[in-house]
Amino acid sequence: MRIVLRFLEGLNPQQRAAVTEPAGHVLVLAGAGSGKTRVLTTRIAWLIHTGRAGPQQILAVTFTNKAAREMLDRIGAMLPVNPRIMWIGTFHGLCNRLLRTHFRDAQLPQSFQILDTQDQLAAIKRMVKAAGVDDERCPPRELQMFINGAKEAGLRARDLGADAGDRLWVELYDTYDRQCQRDGAVDFAELLLRSFELLSRNEALRRHYQERFRHLLVDEFQDTNVLQYRWLKLLAGPDCTVFAVGDDDQSIYRFRGAHVGNMADFEREFHIAQVIKLEQNYRSSGHILEAANHLIRNNAQRLGKNLWTAAGQGEQAVLMEAASDGLEAAWIVNEIRDLKAGGTRASEVAILYRSNAQSRILEHALFNAGLPYRVYGGLRFFERAEIKNAMAYLRLAENPHDDVSFSRAVNFPARGIGSRSLEVLQDAARASSKSLFASIGAVAGKAGASLAEFARLIEALRAAASTRSLPELVSAVLAQSGLAAHYARERDGQDRLENLEELVNASLSFVAEQGFDAETPASRTGVDPDTLAPLTAFLAHASLEAGDNQAGQGQDALQLMTVHSAKGLEFEAVFITGLEEGLFPHENSLSEGGGLEEERRLMYVAITRARRRLFLSFAQSRLLHGQTRYGIRSRFVEELPAGSVRWLSPRSSSFALRASRDGSDFGPGDSAVWPPVTRGVEEGFQGFQVGQAVRHPKFGAGIVLRLQGAGSDARAQIRFESAGVKELLLAVAKLERN
DNA sequence: GGAGACTGCGTTTTT
DNA sequence: CGCAGTCTCC
């Protein structure tokens, strides 16, 4: 009992109520920095320790591998428990586990391969081409979105109504699914849909898992999509308790299918009597929290919640208006120097931006200032081309009939099998409904000889897989495929070669971590037939966990990332940059319903990452897509409480087209006064926006100062470089975007 | 088959 | 502007 008390020590009443809810489903509305992860992990420890559940009766699901790992670590620190016995992981990881265990019922080979986003796109391209469809009419990227969208809504091709316009797409969706089935390949959305279908069709299996899992716990519930919620409902049997934690204000993934409505649906469908709200924030100081609260109140669609802190007000946020993006970066460099001088570690400072394109100029400034930094985002280890190439050979070693990998590996490094030869092979394969590998014999001549040699290589690797350990197999792949030699020869191949060597290390640590015997041949399954072969497990691991972003983790460096990737993290000091209309909120978001509110939540997430210091900035001009764009400050800046923000605004800013002189709202604000902004409607003006650079045949280049009126009376006030300010009717004036 | 020119495009991202 | 993807020519 003493241990129980230790778990619960230091929890506030709401946290304790959530952790110790004895029966019934729970919905926790957990604000940013309110101790959400702690509640989730303590709940699991409490359930097990008080004997309310065995570890095998727990299923906890998160969105990222990182969150799953953290949860496991924290539980492990509280209780001695075998982590394998609990089902803790990502939706995709758990579905993978389910499908590998019940591969026959799911009608899959046990060694089915998982297609990541890139693999899926490649498979779609291949399929579209094979179907003889013009990819102008059916852009593979859009088809990919269509397919994933359908799967995430739980719909197969046959469930989709065949409107004349969509018929082709629906057919291609069906063709794609059949191709995947033939290849034994499963994409990310399929992992979910397939296990959903498995459980919904197979009553015995469903019963089995419903009786086993007495506690389902869901993290980041606001990010679940429709199918994930249905999956949870299916798994939640009569004796099961669902514990969902989420924050509607931090729902920022609607654009990829997240359905915040799941929270309200859950509340209703599971008869939640009382939602537990965690509103005490332990992270940020008063002014920062006040800024976040004030901003988010502008959203109409909220469950409602207000964060408070027992900590003091702290320092006000600082807002900088810079004349250009370069000066914005220079200001940031200065502030960072001050922070460092004041004792803040670089790794405790984050520079956030709305889109990745903004990082370049920041990196440039930091580099020149000699400040070490680390950029998150971009290619991860298992997504790198050279790693994917090596993985393709490994997949062929496991299954030579894998056409995706075959296509990738067959002529890389080049071995004289060009596009013509491949077409012949593909035709032969299609005609006989066999895999590419199985059709090699059908190709005659010189190309046939090259293909036969490739086939011998694959057979040699297969043989190696059955006798040698996984790391030995990886080494053999690098040597025998010619990949190592290829990159050694290439001018800029050194980094790639090092990455390939790192792949051997990755397989070594994988074997050790997963508890495989170091000598086990790569393709040998365990004594227990349910135990995967090291190679199979490694291939799944590579697809499900793309690996870390880049090296240099150990050193103390500034953290640069998009606001999205900052979610879940916290820093002593946070810079939010590029607060300009069109950038943040992003212009593309304005056209979609609810888009602006999502952008605002994004801003909310950004602000709440900061513990002590918050720096906001925007630039009057910014080089974007090769041209200078003049922006006005983000509406989000206006939505911050005056008392919590200190405005810095150098009067000396050299703004070529300063409009403040003629009384418009466009231009540097006054630091002493809260500037009330009169803003015209910004949408529906033939795509023109305030601050946009335009060109007129007679007046030349100018900037849109204001848009007003509507329909045929829609007018733009424009300041031209030479002709001064004019007001033009959009319906009449021949305005071009410049 | 591969280097080099040319075209088009340009949110956010995890699995 | 910078990149990825395609096209062209050797």
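In what follows, every chain begins at residue 1, and chains take the letters A, B, ... in the order their sequences are listed. When reading the values below, keep in mind they use all heavy atoms of this one structure, side chains included, and skip hydrogens, waters and symmetry mates.
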Please determine, for the side chain of [X], which listed nucleotide ([options]) has the closest atom?
X      : options                : result
A:Y253 : B:dT13, B:dT11, B:dT15 : B:dT13
A:R256 : B:dT12, B:dT13, B:dT15 : B:dT13
A:N356 : B:dT11, B:dT15, B:dT12 : B:dT12
A:H564 : B:dT12, B:dT15, B:dT11 : B:dT12

Enumerate the protein-to-nucleotides 7-10 of chain B contacts in which both atoms are nitrogen or oxygen and the separation is below 3.5 Å.
unit_1 : atom_1 : unit_2 : atom_2 : d
B:dG10 : N3     : A:H625 : ND1    : 3.1

Checklist entry - Honestly, is A:R384 close enough over A:F382, meaning NZ or CZ under 6.0 Å from the six-membered ring centre and within 45° of the axis? => result no
Checklist entry - Think A:R601 forms a cation-pi with A:Y604, using NZ or CZ under 6.0 Å from the six-ring centre and within 45 degrees of its axis? => result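 No, A:R601 and A:Y604 do not form such a contact.
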Kindly write out the residues that satisfy salt bridge (charged side-chain N to carboxylate O under 4.0 Å, His left out) with [X], not counting sequence neighbours, or none if the list is empty.
X      : result
A:E70  : A:R74
A:R84  : none
A:R609 : none
A:E190 : A:K151, A:R156, A:R194

Item to check | Close approaches to DNA chain B from residues 90-101 of chain A, in residue order (heavy atom, under 4.0 Å) | outcome: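 The stretch gives A:T90, A:H92 as the residues lying under 4.0 Å from the strand, ordered by number.
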Checklist entry - Which pairs count as ring-ring contact (aromatic ring centres under 6.0 Å, His included) when at least one residue sits in residues 116-149 of chain A, sequence neighbours excluded? => result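 Found A:F146-A:W169.
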Using a 4.0 Å heavy-atom cut-off, does [X] contact any base of the nucleic acid, only the sugar-phosphate backbone, or nothing at all?
X      : answer
A:E599 : base
A:I361 : nothing
A:F63  : sugar-phosphate
A:T117 : base

Checklist entry - Which value, in whole Å, describes the distance between the P atoms of nucleotides C:dA4 and B:dT13? => result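 The answer is 16 Å between these two P atoms.
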Item to check | Interatomic distance at P, C:dG5 relative to B:dT12, whole Å | outcome: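 Pairwise P distance, C:dG5 against B:dT12, rounds to 16 Å.
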In whole angstroms, how far is the [atom2] atom of [N] from the [atom1] atom of [X]?
X      : N      : atom1 : atom2 : answer
A:M145 : B:dT14 : CE    : P     : 17 Å
A:K66  : B:dT15 : NZ    : P     : 10 Å
A:R254 : B:dT11 : CZ    : P     : 18 Å
A:R489 : B:dA3  : CZ    : P     : 11 Å
A:D223 : B:dT13 : CG    : C1'   : 11 Å
A:R415 : B:dG2  : CZ    : P     : 11 Å
A:L227 : B:dT14 : CG    : C1'   : 16 Å
A:E152 : B:dT13 : CD    : P     : 17 Å

Checklist entry - Partners of A:E453 by side-chain contact (heavy atoms from CB on, under 4.5 Å), sequence neighbours excluded? => result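 A:E453 satisfies side-chain contact (heavy atoms from CB on, under 4.5 Å) with A:R456 only.
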Next on the checklist: Restricting to side-chain contact (heavy atoms from CB on, under 4.5 Å), what partner residues turn up for A:N411, sequence neighbours left out?
Outcome noted: A:A414, A:R415, A:I417
Checklist entry - Can you pull the contact range of chain A along DNA chain C, 5' to 3', using atoms under 4.0 angstrom from its heavy atoms? => result C:dC1 to C:dC3
Checklist entry - Below 6.0 angstrom between ring centroids: does that apply to A:H564 and A:Y353? => result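 Centroid distance A:H564-A:Y353: not below 6.0 Å, so no.
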Checklist entry - Between A:R420 and A:R354, which has a closest nucleotide on DNA chain B that is more 5'? => result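 Result of the comparison: A:R420.
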Item to check | Closest-nucleotide ordering on DNA chain B, the 5'-leading residue of A:G418 and A:L544 | outcome: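 Counting from the 5' end, the first nearest nucleotide belongs to A:G418.
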Next on the checklist: Apply the syn/anti split at 90° from 0 to B:dT12 and say which one it is.
Outcome noted: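 For B:dT12, whose glycosidic angle is more than 90° from 0, the conformation is anti.
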Checklist outcome for this item: Residues passing the side chain to side chain donor-acceptor pair (under 3.5 Å) test with A:N588, sequence neighbours excluded, are none
Checklist entry - In chain order, what residues pass the side chain to side chain donor-acceptor pair (under 3.5 Å) check against A:T90, with sequence neighbours excluded? => result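 Not a single residue meets the side chain to side chain donor-acceptor pair (under 3.5 Å) criterion with A:T90.
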Item to check | Phosphate-side-chain proximity, A:N411 and B:dG1, N/O vs OP1/OP2 below 4.0 Å | outcome: yes
Item to check | Residue-phosphate contact under 4.0 Å: A:T562 side-chain N/O, B:dT13 OP1/OP2 | outcome: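 Looking at the OP1 and OP2 atoms of B:dT13, one of them is under 4.0 Å from a side-chain N or O of A:T562.
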Item to check | Pair A:E599 + A:R354: basic N to acidic O under 4.0 Å | outcome: yes
Next on the checklist: For the base of B:dT12 and the side-chain ring of A:F255, does the geometry meet a stacking cutoff of under 5.5 Å between centres and under 30° between planes?
Outcome noted: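 Stacked: ring centres under 5.5 Å, planes under 30°.
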